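A short worksheet on the structure shown next.
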2 protein chains.
Amino acid sequence: MKLNNTSQYAIRILAYIADHKEKSLLSAVELSTALVIPYKFLTKIMTELVKADFIESIRGREGGFKLQKKASEIKVDDILNIFNDSIKEEECILGIGFCNGMCKCALHDQWMEPKLLMQKMFRESSLEDIAGRGCKI
Amino acid sequence: MKLNNTSQYAIRILAYIADHKEKSLLSAVELSTALVIPYKFLTKIMTELVKADFIESIRGREGGFKLQKKASEIKVDDILNIFNDSIKEEECILGIGFCNGMCKCALHDQWMEPKLLMQKMFRESSLEDIAGRGCKI
DNA sequence: AATTAACTCTACCTTTAGGTAGTAATTTAA
DNA sequence: TTAAATTACTACCTAAAGGTAGAGTTAATT
Ligand code: SF4
Ligand code: SF4
């Protein structure tokens with residue numbers, strides 16, 4: 001029961017960029033070094049974030065990355081969705097087919113409250129809410 | 001953000017056995033059929049549950065499986081622990097080293113409440129609480 | 001004693017997540 | 001105009017999760 005590696009990296013990357021808006025651009029090398037994420041893997045993730053329109057990339061010398069939206073407009077849940085790591089409405093916690101509302105699984109009653117709270121947390125927390133809040137980056 | 005397949009299977013298997021205590025033993029074939037879990041994979045999981053002392057196995061013809069403890073004494077969290085799928089106290093949601101209480105990660109403030117609620121749910125829900133509660137099995 | 005129905009063990013196969021390598025394309029600065 | 005610094009793309013490699021095969025062991029029934 002945890003976020004996958006790629007989601008974790010993506011959240012940290014975006015939070016870091018949001019927290020360094022004084023620098024107009026951050027390069028992959030800078031990010032990779034600051035966040036201790038393997039360079040080649042980071043660039044792969046960056047490309048996905050660019051395609052998802054969260055990040056704008058400037059190519060060529062002096063290029064780099066910056067947010068394409070306001071930090072308050074990117075929610076943690078949006079990031080998880082890119083990597084298929086969000087808590088899915090229709091998916092049963094026990095992996096039994098789909099939620100149809102009619103037929104519950106054994107854990108349903110216990111699961112609903114934490115599920116809703118986590119969804120709320122992921123959906124309501126924006127980059128602005130989390131950027132620069134930790135001493136761990 | 002979901003339970004892994006093996007944990008899901010294990011919870012369903014144990015809940016099913018707890019819900020059928022009128023039968024003194026259930027065989028791997030019966031379980032595999034009833035729960036629609038691949039036979040060979042199920043037997044592998046059963047062996048782990050036996051080693052973890054949650055289940056007692058009787059070998060030979062007319063053999064099968066039964067709970068080794070009272071249903072109220074097996075918590076969902078105990079099952080998750082076997083498959084290393086519990087929510088770890090010391091592990092950061094963003095995967096940054098270990099929780100030391102001193103130095104927070106960006107998501108810490110948002111994560112604490114859902115984390116505690118989920119831990120509580122997993123730790124306090126026993127097989128007795130969940131057995132036979134769903135129409136999905 | 002042989003047969004059958006069960007669990008157990010070891011080894012392997014397949015799929016997915018995580019990660020790496022090399023090259024192409026783009027832009028700026030010297 | 002060339003070299004350097006940068007992102008983008010394609011292909012591959014590795015490790016872990018999920019799953020399968022087959023032979024071995026146990027015990028009741030015939
Ligand atoms: S029963 Fe509850 S947990 Fe299971 S699928 Fe339906 S809503 Fe999801
Ligand atoms: S900061 Fe919070 S989430 Fe991150 S490691 Fe510490 S306790 Fe865990």
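Everything quoted here is computed from the prediction, not taken from an experiment. So you know, we letter chains A, B, ... as the sequences are listed, proteins then strands, and number each from 1.
Residue pairs satisfying the ring-ring contact (aromatic ring centres under 6.0 Å, His included) criterion with at least one member in residues 54-111 of chain B, sequence neighbours excluded, are absent. Screening residues 56-65 of chain B for side-chain hydrogen bond (donor to acceptor under 3.5 Å, both in side chains) gives no qualifying pairs among residues at least two apart or on separate chains. Applying the salt bridge (Lys or Arg N to Asp or Glu O under 4.0 Å) test to residues at least two apart or on different chains, the pairs with a partner in residues 93-115 of chain B are E89(B)-K115(B), K104(B)-D109(B). Note on residues 65-82 of chain A: pairs passing side-chain hydrogen bond (donor to acceptor under 3.5 Å, both in side chains), not counting sequence neighbours, are D77(A)-N81(A), D77(A)-S86(A). Applying the side-chain hydrogen bond (donor to acceptor under 3.5 Å, both in side chains) test to every pair with at least one member in residues 44-53 of chain A, sequence neighbours left out, gives no pairs at all. Identified under the disulfide (SG to SG under 2.5 Å) test for residues 104-137 of chain B, with sequence neighbours left out: C103(A)-C135(B).
To the nearest angstrom, C1' of dA5(D) lies 6 Å from CZ of R61(A). Rounded to an integer number of Å, the gap from CD of E62(A) to P of dT6(D) is 7 Å. As rounded to whole Å, 9 Å separates atom P of dA27(D) from atom CD1 of I58(B). When rounded to the nearest whole Å, the span between CD of Q8(B) and C1' of dA17(D) equals 13 Å. If you take CG of L3(B) and C1' of dG18(D), they are 15 Å apart, rounded to a whole angstrom. Rounded to an integer number of Å, the gap from CD of E56(A) to P of dT6(D) is 17 Å.
When heavy atoms are screened at a 4.0 angstrom cut-off, T43(A) is found touching no nucleic acid atom at all.
On a pure distance criterion of 3.5 Å, no polar donor-acceptor pair joins the side chain of R59(A) and the base of dT6(D).
Although no hydrogens or angles enter the test, the distance criterion places no donor-acceptor pair under 3.5 Å between the side chain of S125(B) and the main chain of F122(B).
Between A28(B) and L42(B), the closest heavy-atom pair is O-CD2, 3.7 Å. Closest non-hydrogen pair, I55(B) versus M46(B), comes out as CD1-CE, 3.5 Å. Looking at every heavy atom in both residues, R133(A) comes nearest to A106(B) through CB-O, 3.9 Å.
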Worksheet item: Dot-bracket for DNA chain D, 5' to 3', counting Watson-Crick or G-U wobble pairs under 3.5 Å, with [ ] for crossing pairs and | for inter-strand pairs?
Response: ||||||||||||||||||||||||||||||
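Using a 4.5 Å heavy-atom cutoff, the side chains of L80(B) and M1(A) are not in contact.
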Show the distances under 3.5 angstrom between N or O atoms of the protein and N or O atoms of nucleotides 19-23 of chain D.
unit_1	atom_1	unit_2	atom_2	d
dG19(D)	N7	K44(B)	NZ	3.2
dG19(D)	O6	K44(B)	NZ	2.5
dG22(D)	N7	K40(B)	NZ	2.8
dG22(D)	O6	K40(B)	NZ	2.6

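Contacts with DNA chain D (heavy atom under 4.0 Å) in residues 81-97 of chain A: none are found.
Proximity of T47(A) to the phosphate of dT7(D): no side-chain N or O atom is located under 4.0 Å from OP1 or OP2.
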Using distance only, find each side-chain donor-acceptor pair of residues 8-22 of chain B under 3.5 Å and give its atom names and separation, not counting sequence neighbours.
unit_1	atom_1	unit_2	atom_2	d
Q8(B)	NE2	I93(A)	O	3.0
R12(B)	NE	I137(B)	O	3.2
R12(B)	NH2	L35(B)	O	2.6
R12(B)	NH2	I137(B)	O	2.8
H20(B)	ND1	Y16(B)	O	2.8

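Listed by chain and number, the hydrophobic cluster partners of V36(B) come to none, as no ILVMFWY side chain reaches under 4.5 Å of it.
With a heavy-atom cut-off of 4.0 Å to chain B, the contacted part of DNA chain C has its first and last nucleotide at dT4(C) to dC9(C).
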Item to complete: Apply side-chain contact (heavy atoms from CB on, under 4.5 Å) to the pair T6(B) and I82(B), showing each step before the final yes or no.
Response: CA-CA 10 Å; T6(B) 311; I82(B) 302 176; over 6 Å; no
